[in-house]
Structures are given as structure tokens and as C-alpha cells.
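As C-alpha cells, the structure follows; a few thoughts come after it.
Side chains included, hydrogens not; waters and symmetry mates left out as well; all remaining heavy atoms used.
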Amino acid sequence: MLLLPLIESYRSLSIIGMCKNAGKTTVLNRMIEEMQATGKTLGLTSIGRDGESVDVVTRTHKPGIYVREGTLIATAFEMLKYCDISREIVETTGFPTPLGEVVIVRARSDGNVQLAGPSITAQLAKLSGMFFSLGADVAIVDGALSRKTLCAPAVSEATVLCTGASYSRDINTVIDDTAFATLLLTLPEQADFTEEERAACTGKALLRMEDGSLRPLPQEMTLADALRSPAYAGVRAVYVAGAVTDALLKPVLMAGKRFDGLSLSAEDGSKLLIRRDTFDKLALRGISLAVARATRVAAITVNPFSAYGFDLDKDELRGRMQERVNVPVLNVLEDVRLEDMAWRAEDKARIAAREEEEKNADHSHCCGNEEIQ
């Protein structure tokens with residue numbers, strides 16, 4: 001058992017990827033296999049479409065999603081025709097998608113399924129509750145490209161972060177960016193604002209003053225304006241109700257002053273949408289980041305095989321990643337021999353053929369034949 005010891009204590013889990021083809025479906029299949037071996041009933045859904053055999057962008061192999069009899073699956077109605085399981089529709093959700101309403105089916109046989117669930121956080125949280133009411137022991141949400149919001153504690157108790165060679169040809173970039181994403185997701189919890197105070201916040205932010213008083217940020221005022229204003233002198237903590245972005249923080253950093261001891265917090269790590277240089281500049285200004293609800297990263301999985309025709313050294317990738325993060329790092333393909341992965345050779349052949357096709361394509365129609373003046 002590779003993943004089970006790290007995830008078996010959680011009732012709801014999410015899987016998010018640093019990029020497309022990071023190995024999320026491989027991780028999902030490993031989760032399904034190991035958790036169902038313990039007799040648990042699973043509820044599965046996805047924030048995007050998952051389970052197709054060939055990637056529509058790279059034209060490379062994608063693992064199918066294989067489930068056992070009894071599994072609950074939430075997917076758009078139009079996806080049912082691509083599922084080769086015997087099934088029973090047990091619930092309709094009322095959640096619309098471009099592929100039809102999301103329905104919950106119970107697998108009446110083993111087989112492959114395709115998932116396409118809701119994309120709204122509140123709907124995903126409600127869907128987990130529906131799974132449990134129908135007898136699921138664990139709810140799992142498979143993520144989509146750049147949708148880290150589903151790892152929010154409101155949706156899942158813990159998340160597995162997937163990364164690998166498809167993110168970048170440069171192993172240093174893969175490691176640096178994944179380590180920073182993990183840092184943001186696992187920031188410490190703040191202690192300056194109660195849950196009731198955060199829930200009552202109807203504006204952009206709350207400010208805790210040195211004397212303990214609480215002041216909402218006026219709608220007509222930016223955070224940077226408030227922190228520069230003598231009227232707001234003595235702010236010791238800030239809670240931002242929405243996303244914390246580079247655009248929000250840039251004016252604060254441009255103020256050119258220090259804010260020694262100031263704590264700035266968001267609801268959870270998924271709301272922190274900032275670059276590493278912004279994070280570093282905040283620290284230089286004396287501002288620390290925190291969250292109201294911490295995200296539990298159960299594991300980081302690394303995929304040394306790229307969907308774009310190149311690979312990274314699996315031992316170096318895993319070893320160096322583990323040195324940079326404080327959560328377990330796994331290679332879910334570590335017990336699969338490369339020579340047994342026939343699809344890798346097929347993928348590389350498809351990639352080479354596509355590149356040759358693109359190289360030889362006639363692009364003259366794009367610009368016309370007129371002489372450029």
C-alpha cells in the first residue's frame with residue numbers, strides 16, 4: 001500500500017495538479033484500488049472531464065478511471081454513454097453543466113467511467129454530503145487544471161498535490177514552484193479573527209487594531225490606503241474576505257514602509273493567488289501570511305514522465321522534492337517498470353508525428369503572400 005497510510009484517516013479528499021498531465025488520474029486510480037481493498041465504498045466526481053483514453057490536446061495516452069461494483073459516481077448525464085459499467089441512477093442533483101445535469105449513479109458492475117462534475121465549491125461540498133447519505137465512506141474529488149479552490153477545507157479534509165515533468169522541462173522549476181504552492185497551502189492558522197467575525201464580514205477586509213478593536217475596511221478605501229492612513233495607525237492584523245492577489249498587494253508593497261509584525265490572512269490557502277516574489281517582498285516589509293483554515297496536504301506525488309515527450313530522473317525528482325517540503329513525496333509509478341509501459345512508446349511516436357506534421361504544415365494562408373511594406 002503506497003497512498004493508503006497517508007489518506008485512510010480522511011473522509012473527504014481532493015486531488016489537484018500543478019499542470020495538465022501531472023498524473024492526477026493515475027493517483028485517483030491508486031486511491032480507488034487501495035481504499036476499495038479495505039472494503040470502503042467510494043463516492044467519486046471531478047471538477048473537469050476525466051477518464052477519456054486520449055488527451056485531446058497532446059493526443060497522448062490517458063489512463064481510464066476503473067471502479068468496482070458499488071462505487072458511487074457523480075457525473076454529467078451526457079457522460080453516462082461513455083461509461084461501460086452497469087449502473088443505476090440513484091439521485092439527481094440539479095447541478096447544471098455544459099454536458100447536462102450532474103447525476104449520481106451506483107456502479108452495478110466493475111468497469112471504466114468518465115467523470116464531469118460541478119465546478120462550484122458550494123455544489124462540491126453539497127455533493128459530498130449526498131455521497132455520504134447514500135452510503136459512501138469516502139468522497140473523492142478529482143481536480144482540473146489551475147482549480148486549486150477545490151482543496152479548500154470546505155470541500156475536502158485533505159488534498160493530494162500532483163506535479164511532474166509535464167509542468168516544465170527544468171527540474172528546478174518543477175521543484176521550486178511545487179514547493180511554493182505547498183507552502184501557500186500549508187500556512188499556519190491565524191488567531192486574530194474569530195469565525196463569527198469572519199462570517200459577518202460583508203466588505204473587502206477586516207482590520208484588527210492594537211487595542212483589540214475591529215474595524216471593517218470601508219468600501220471606498222483600498223487596503224494600501226488604509227495601511228498608509230494615520231486614521232488606521234496601529235493595525236496589527238488584516239483578514240481579506242476574498243482572494244489575496246498580486247494586484248491587491250502591489251500598492252501595499254509600493255508604499256515603501258515596513259509593517260513589522262503585521263499578519264495578513266485569507267480564508268484558506270486556495271485564496272492566496274500570489275507569486276513567489278510577492279511573498280518574499282511581504283516578508284521583507286515585515287508582513288506574515290496566515291489562513292483562517294489550514295489545508296492538509298496528505299502527500300505530493302511526482303510523475304517523472306511528461307506528456308510532451310521527455311522525462312525527468314525519477315529518483316532526483318522525488319529526492320529533491322522531499323528535501324523542500326514537509327509532507328510525504330511519492331512516485332505512484334515507482335513500482336511500474338518502464339518496459340511494461342507500452343503506451344510510453346506509443347505516446348512518443350504520436351508526439352514525433354505531430355511535431356513533424358506541424359513543421360511541414362503550409363502556413364502561407366495565415367499571412368497572405370503580399371509583400372510586407
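Checking side-chain atoms of Ser168 against main-chain N and O of Thr173 turns up no donor-acceptor pair under 3.5 Å. Within the 3.5 Å criterion, the main-chain N or O of Asn112 finds a donor-acceptor partner in the side chain of Asp84. Remark: the backbone N or O of Leu3 is paired with a side-chain donor or acceptor of Glu34 at under 3.5 angstrom. In this structure, the side chain of Lys126 does not engage the main chain of Thr93 through any donor-acceptor pair within 3.5 Å. Between the side chain of Thr75 and the backbone N or O of Gln114, at least one donor-acceptor pair lies under 3.5 Å.
A salt bridge links Glu316 and Arg320; the closest N-O separation between the charged side-chain nitrogens and carboxylate oxygens is under 4.0 Å. The pair Arg208-Glu197 meets the salt-bridge criterion, since a charged nitrogen lies less than 4.0 angstrom from a carboxylate oxygen. Looking at Glu189 and Arg293, no side-chain N of the basic residue comes within less than 4.0 Å of a carboxylate O on the acidic one, giving no salt bridge. Salt-bridge annotation for Arg296 and Glu157: absent, with no side-chain N of the basic residue lying under 4.0 Å from a carboxylate O of the acidic one. We find that Asp176 and Arg276 are not joined by a salt bridge, their nearest charged nitrogen and carboxylate oxygen being 4.0 Å or further apart. Using a 4.0 Å cut-off between a side-chain N of Lys or Arg and a carboxylate O of Asp or Glu, Glu88 and Arg108 qualify as a salt bridge.
Put simply, NZ on Lys24 and OG on Ser46 are 6.5 Å apart, with the number rounded to the nearest 0.5 Å. Rounded to the nearest 0.5 Å, atoms CG (Asp211) and CZ (Arg236) are 8.5 Å apart. Note that the CZ atom of Arg169 and the CG atom of Asp311 stand 10.5 Å from one another [nearest 0.5 Å]. Rounding to the nearest 0.5 Å gives a distance of 9.0 Å between CG of Asn326 and CG of Leu183. Within the model, atoms OH of Tyr10 and OG1 of Thr159 stand 10.5 Å from one another, a figure rounded to the nearest 0.5 Å. Here the CG-CZ distance, from Asn331 to Phe305, works out to 7.0 Å after rounding to the nearest 0.5 Å.
Looking only at atom types and distance, the side chain of Thr26 has no donor-acceptor partner in the side chain of Asn29 under 3.5 Å away. Neither side chain, Ser12 nor Ser156, offers a donor N or O lying under 3.5 Å from an acceptor on the other. A donor-acceptor contact closer than 3.5 angstrom links the side chains of Thr278 and Asp246. Looking only at atom types and distance, the side chain of Thr41 has no donor-acceptor partner in the side chain of Gln36 under 3.5 Å away. Of the N and O atoms on the side chains of Asp177 and Tyr167, at least one donor lies less than 3.5 Å from an acceptor on the other residue.
Qualifying salt bridge (charged side-chain N to carboxylate O under 4.0 Å, His left out) partners for Arg87, counting only residues two or more places apart in sequence or in other chains: none. For Glu78, the side-chain hydrogen bond (donor to acceptor under 3.5 Å, both in side chains) partners at least two apart in sequence or on another chain are Lys81.
Proximity of Leu161 to Met18: side-chain heavy atoms (C-beta onward) are separated by under 4.5 Å at one or more points.
The neighbour count for Lys204 NZ, taken as heavy atoms of other residues, nucleotides or ligands under 6.0 Å away, is above 12. More than 12 heavy atoms of other residues, nucleotides or ligands shown are found within 6.0 angstrom of CD on Gln219. Within 6.0 Å of CZ on Arg215 lie more than 12 heavy atoms contributed by other residues, nucleotides or ligands.
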Task: Test log, rule side chain to side chain contact (heavy atoms under 4.5 Å, CB included), inputs Leu206 and Val238 - done: CA-CA 6 Å; Leu206 295 174; Val238 176; over 6 Å; no
TODO: Apply side chain to side chain contact (heavy atoms under 4.5 Å, CB included) to the pair Leu42 and Leu72, showing each step before the final yes or no.
DONE: CA-CA 6 Å; Leu42 306 183; Leu72 292 164; over 6 Å; no
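Using a 30° and 60° split on the angle between ring planes, Tyr239 and Phe193 fall in the tilted class, from 30° to 60°.
Note: the hydrophobic cluster containing Leu184 also contains Val244 (ILVMFWY, side chain heavy atoms under 4.5 Å, direct or indirect links).
A cation-pi arrangement is found for Arg11 relative to Phe132, the charged atom lying closer than 6.0 Å to the ring centre and inside a 45° cone about the ring normal.
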